[in-house]
J.: 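Here you go, one structure.
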Amino acid sequence: MSYPFKEIEKKWQDIWFEKKSFSAADEGGKPKYYALIEFPYPSAEGLHVGHPRSFTAMDIIARKRRMEGHNVLFPIGWDAFGLPAENFAIKHGVHPRESTGRNVANFKRQLKMLGFSFDWDREINTTDPAYYKWTQWIFQRLFKKGLAYKADIPINWCTSCKVGLANEEVINGTCERCGSPVVKKNKNQWMLRITEYADRLINDLDEVDYLDKIKTQQINWIGKSYGAEIDFSVSRDLNIRVFTTRPDTIFGATYLVLSPEHPMLADLGRLISNGPEVRNYCEQAKYKSDLERMDLSKEKTGVMLEGLGAVNPATQEKIPIWVSDYVLMGYGTGAIMAVPAHDQRDYEFAMKYKLPVREVISGGDISVEAYEGDGLLVNSGFLDGLNVEKAKEEIVAWLGTHNLGRSKINYKLRDWVFSRQRYWGEVIPMVQCDKCGWVPVPEEELPVLLPEVKSFISGEDGKSVLEGLTDWVNTKCPKCSGSAKRETDTMPQWAGSSWYFLRYIDPKNMSEFAAKEKLDYWLPVDWYNGGMEHTTLHLLYSRFWHKFLYDEGLVPCKEPYKKRTSHGMILGSDGEKMSKSRGNVVNPDDIANEFGADVFRVFLMFIGAFDLAVMWNTEGLIGISRFLNRVWNTVEKIDVNISLAEKDLRLMHRTIMIVSDRIEKMRFNTAVSEIMSYTNELLAMTAIPKKMIEILCVLLYPFAPHMTSEIWENAISKDTGLMDQRWPEYDSNLITEENVTIAVQVNGKLRGTLDVEKGMSQERLFELVIGDDKLSKYVDRGKVKKVIYVPDKLLNIVAGK
RNA sequence: GCCGGAGUGGCGGAAUUGGCAGACGCAAGGGACUUAAAAUCCCUCGAAGCCUAGCUUUGUACGGGUUCAAGUCCCGUCUCCGGCACCA
């Protein structure tokens, strides 16, 4: 008979909710512990099974920490601004506030149904004016410190969403959300100077405990590289400045290449004989989508600036200047010195346009491909005979003394495009005055509320909904009271999520984003788990904001998250990403209804290694369901009169050790299998000492809190609740068996096992082998060359033939 | 192309630092209980072979190597997944 999970789960959820069992106090004698999961976007589809995978994991940590005597903060909220709600509004005319509200209610129901130990008193919502007031406030502080600025730059423009995208939202030249091609478009945008923090975002990774691959991703995304800027003279008063990481190859620089967007092209136009051709090429580059421009397989294209040349400062040779879209304006200086012998991209370009290739590093075969490795310098004047590293130093010094160049560090990381031409986001709290320029809306007027609108459809020309609200847009300058216009761009979804973990600390504070004493108490986040897909952008952005707030003296620590882990995705049973169109979506409601929340939770932890992607397979649920029923049935065998035998103690302590360890290492699948084995052992007994059931309840409680709480109440104690129990410590004297099984090998081959007492000597063991009927036949005593003994584990007898 | 990660029975997956490969679970087969079924419980379960109470050989993507001993370490190859991608 299966246990009545419906009643039990409802009962305990009500108790927890009514008693506020998981509300965190902002002080107290206990050590604090801040466990964080990524707050979800409340989509119309409801909870994805990937959410409870992460939530259950951190819920296990949170519940275990409470039992270990910590004051635990485990909060939840809603990252509720964003495109889907707005797209829904465009389609159905429903205000995003309304649809978002509905979705939040549904998510809440689902999360409660799964029994997560969230502190519901601290629930936050990024679309709540009381929340976004502070998002706007932080933006203004960034502005006041010169870290937010407007720039007229080519942005990524999604042709379908009609919205500017951050570089990070462009996937292979297409829009991350809708997959449409992305083109360049000039737009005056708010930018955040994240590049100013690039070094600190790399260096401070030393202080935190993130998975190595997460650190690597952060470092690679920032993309720091060391090189030099070098000036190539074009005419008496014109220089082209290039950035290169290989200044050592300067003697092999046989031409220069400018990006089609390079500002200098306007000036150079007058000096060249093929101006129209060049202009035409640049125009075309502009209208190419990123998809086309980034297609690596395509042949490189370019146009030479005819009648013009630059002087290679090392060789004094006059070399041609080209324009090509393989050089990007957004990196370095937007101009390069091309060294075809030692850069594959330059090599391909030189081959196509029959440009000279000059070897300056020996070691490769430049008739086949560019050689990018190390070697001795040749054809390089005073650098000849040096290796690459030494030559770099020499040439940079030489360029410096002749005032032709200097060493320079560059980053792949660009400043953060912070503007969106959208309705459903935080209004950027700025006003533009003809006289005073950009002026922040006075702090006491924050938040700038998102105005009500009738239609959510943006203009054909990419004009946003807010731009159409003339009454709202026209306002007075806070400084001079002259006529001024409000900013109509809104913030990206990354804004609200860049600081939400701070608001949890003091969610209802009306006068500050969070009180200092509370921040001092709770920060940093002790453990933050989330999806691998957020380990570059969200993590980088929120670290950037946090560092800024630290510089402002508003938070007590440099890094927001002490420890960061990531869970793998849950794929459909077909091994594909779950999606409506594939029809492979699993609805948590169905699972909870049929099997119960506890089975669902334990199953999610059992399904596979936590950090790897797993396929959903419904069959496995039956195994977990049986397991929990078996646990439920253990109480029938409780015998309060029998005491613990030594072997029971050993089993218990071993299990405590392994389960504790596996939880901390997030190897939940093996923690569960260990509890299963323990349960199997218990059920094999004719009578079970009560203590052993107690331990079973405690160890399983973080995974299956409802049913273990019920068992505890029914069979262990009515007075003290399970959640108030102490997480057990193990006795290291009791974790090993007294008797051990030794694997006996002859010449590395397993020939049998021997059960002996612990700590037996090699000599005695060897005699036992010789005396053993089954084993002795493999060993010819006279021919034994060597015996290898791993105490209490293995004996390997090496013998000649 | 570059940077990560993975490849183990019919399936999901175990195997702290090299030390009994296949824990735990699913599926399957057999048995008990039952009028029957479901549920539950017990047994078997990588492959091949043989003189079949057992024994032998073989086996962790593929090919080499190191070692008394390799799923684990080293070299090379293939496949899959994730991230980045003309970043000079």
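Just so it is clear: chains get the letters A, B, ... in the order the sequence lines come, proteins before strands, and each one is counted from 1. Heavy-atom basis, side chains included; hydrogens, waters and symmetry copies ignored.
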J.: What is the distance, rounded to the nearest whole Å, between atom CD of E674(A) and atom C1' of G25(B)?
T.: 14 Å
J.: Contact class for M532(A) vs. all strands (heavy atom < 4.0 Å): base, sugar-phosphate, or nothing?
T.: nothing
J.: Heavy atoms under 4.0 Å, any strand shown: does L612(A) hit a base, just sugar-phosphate, or nothing?
T.: sugar-phosphate
J.: Could you provide the dot-bracket string of RNA chain B, using ( ) for intrastrand pairs, [ ] for crossing pairs and | for bases paired to another strand, with Watson-Crick or G-U pairs below 3.5 Å?
T.: (((((((..(((......[....))).(((((.......))))).(((((...)))))..(((((..]....))))))))))))....
J.: Would you mind classifying the nucleic acid contact of F606(A) as base, sugar-phosphate or nothing, using non-hydrogen atoms under 4.0 angstrom?
T.: base
J.: With sugar-phosphate meaning primed atoms plus P, OP1 and OP2, does D346(A) contact a base, only sugar-phosphate, or nothing at under 4.0 Å between heavy atoms?
T.: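 Counting heavy atoms under 4.0 Å across all strands, no contact is made by D346(A).
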J.: In whole angstrom, give me the gap between the C1' atoms of G12(B) and A27(B).
T.: 11 Å
J.: Protein within reach of the bases, or only the backbone? For nucleotides 67-72 of chain B, mark each nucleotide 5' to 3' as B, S or -, using heavy atoms under 4.0 Å.
T.: -B----
J.: Return the value, rounded to whole Å, for the distance between atom CZ of R630(A) and atom P of A39(B).
T.: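 In whole Å, A39(B) P and R630(A) CZ are 15 Å from each other.
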J.: Report yes if a donor N or O on one partner sits less than 3.5 Å from an acceptor N or O on the other, where the partners are the side chain of K213(A) and the base of C3(B); otherwise report no.
T.: no
J.: Classify T753(A) by what it touches in the nucleic acid, base, sugar-phosphate, or nothing, heavy-atom distance under 4.0 Å.
T.: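 It contacts base atoms.
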J.: Does K412(A) reach a base, just sugar-phosphate, or nothing at all? Heavy atoms under 4.0 Å.
T.: base
J.: Write down the distance between CZ (F610(A)) and C1' (A14(B)), rounded to a whole number of angstrom.
T.: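 My rounded result for the distance is 18 Å.
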J.: Which part of the nucleic acid, if any, lies within reach of N680(A) when heavy atoms closer than 4.0 Å are counted: base, sugar-phosphate only, or nothing?
T.: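 Result for N680(A) = sugar-phosphate.
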J.: As a test of reading the structure: which of U16(B), C86(B), G83(B) is closest to the side chain of D661(A), going by heavy atoms?
T.: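 Out of U16(B), C86(B), G83(B), the nucleotide with an atom closest to D661(A)'s side chain is U16(B).
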J.: Select base, sugar-phosphate, or nothing to describe what A335(A) touches, counting heavy atoms under 4.0 Å on all strands.
T.: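 Touches nothing.
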J.: Answer yes or no: is there an ion pair linking E674(A) with R662(A), defined by an N-O contact shorter than 4.0 Å?
T.: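 Judged by the 4.0 Å cut-off on N to carboxylate O distance, E674(A) and R662(A) do not form a salt bridge.
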J.: Expressed in whole Å, how much space separates the C1' atoms belonging to C11(B) and C3(B)?
T.: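 Straight-line distance between the two C1' atoms is 32 Å.
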J.: When rounded to the nearest Å, what value does the distance between P atoms of G59(B) and G18(B) take?
T.: 23 Å
J.: The test is side-chain hydrogen bond (donor to acceptor under 3.5 Å, both in side chains); show your working for Y411(A) and D199(A) and say whether it passes.
T.: CA-CA 9 Å; Y411(A) 303 90; D199(A) 272 325; 2.7 Å; yes
J.: Work out how far the P atom of G22(B) is from that of A28(B), and round it to whole angstrom.
T.: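 These two P atoms come out 24 Å apart once rounded.
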J.: Taking only the side-chain nitrogens and oxygens of R626(A), find out if one of them lies under 4.0 Å from OP1 or OP2 of A27(B).
T.: yes
J.: So Y353(A) and F349(A), would you call those rings parallel, tilted or perpendicular, with 30° and 60° as cut-offs?
T.: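 Tilted: the ring planes of Y353(A) and F349(A) meet at 30° to 60°.
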J.: Please tell me if the side chains of T254(A) and D346(A) come closer than 4.5 Å, counting only heavy atoms from C-beta onward.
T.: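 T254(A) does not reach D346(A) side chain to side chain.
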J.: When you check the gap from the basic side-chain N to the acidic O, do D231(A) and R406(A) get nearer than 4.0 Å?
T.: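 Salt bridge: yes.
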J.: Counting the atoms with a prime plus P, OP1 and OP2 as sugar-phosphate, which does S225(A) contact under 4.0 Å by heavy atoms, base, sugar-phosphate, or nothing?
T.: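 It contacts sugar-phosphate atoms only.
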J.: So which nucleotide from U16(B), A88(B), A27(B) ends up closest to the side chain of M657(A)?
T.: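 Taking heavy atoms from C-beta onward, the closest nucleotide is U16(B).
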J.: For G9(B), does the O4'-C1'-N9-C4 or O4'-C1'-N1-C2 angle fall within 90° of 0, making it syn, or is it anti?
T.: syn
J.: Do the ring planes of H567(A) and F610(A) sit parallel (below 30°), tilted (30 to 60°) or perpendicular (above 60°)?
T.: tilted
J.: Answer with base, sugar-phosphate or nothing: what part of the nucleic acid does I797(A) contact at a heavy-atom distance below 4.0 Å?
T.: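 No contact at all - I797(A) keeps every heavy atom at 4.0 Å or more from the nucleic acid.
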J.: Out of A88(B), A14(B), U57(B), which has the shortest distance to the side chain of I336(A)?
T.: A88(B)
J.: How many Å lie between OH on Y331(A) and C1' on C84(B), as a whole number?
T.: 14 Å
J.: Please confirm whether the shortest side-chain N or O distance from N220(A) to OP1 or OP2 of G83(B) is below 4.0 Å.
T.: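 For G83(B), OP1/OP2 do not have a side-chain N/O of N220(A) under 4.0 Å.
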J.: If I pick the C1' atom on G19(B) and the same atom on G10(B), what distance separates them, to the nearest angstrom?
T.: 30 Å
J.: Applying side-chain hydrogen bond (donor to acceptor under 3.5 Å, both in side chains), run through Y281(A) and T301(A) and close with a yes or a no.
T.: CA-CA 9 Å; Y281(A) 180 82; T301(A) 58; 2.8 Å; yes
J.: Looking at F595(A), F703(A), F668(A), W616(A), which hits ring pair (Phe, Tyr, Trp, His ring centres under 6.0 Å) with F603(A)?
T.: W616(A)
J.: Pick the P atom in U52(B) and in C62(B), then give their distance to the nearest Å.
T.: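 Per the computed distance, 33 Å lies between those P atoms.
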J.: Are E38(A) and R564(A) close enough for a salt bridge, meaning some N to O gap below 4.0 Å?
T.: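 Salt bridge: yes.
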J.: With nearest nucleotide decided by heavy atoms, which residue, R246(A) or S673(A), maps closer to the 5′ end of RNA chain B?
T.: S673(A)
J.: Determine the interatomic distance between C1' on G30(B) and the same-named atom on A48(B); round to the nearest Å.
T.: 23 Å
J.: Can you tell me how far P in G82(B) sits from the matching atom in A70(B), rounded to whole Å?
T.: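 Per the computed distance, 35 Å lies between those P atoms.
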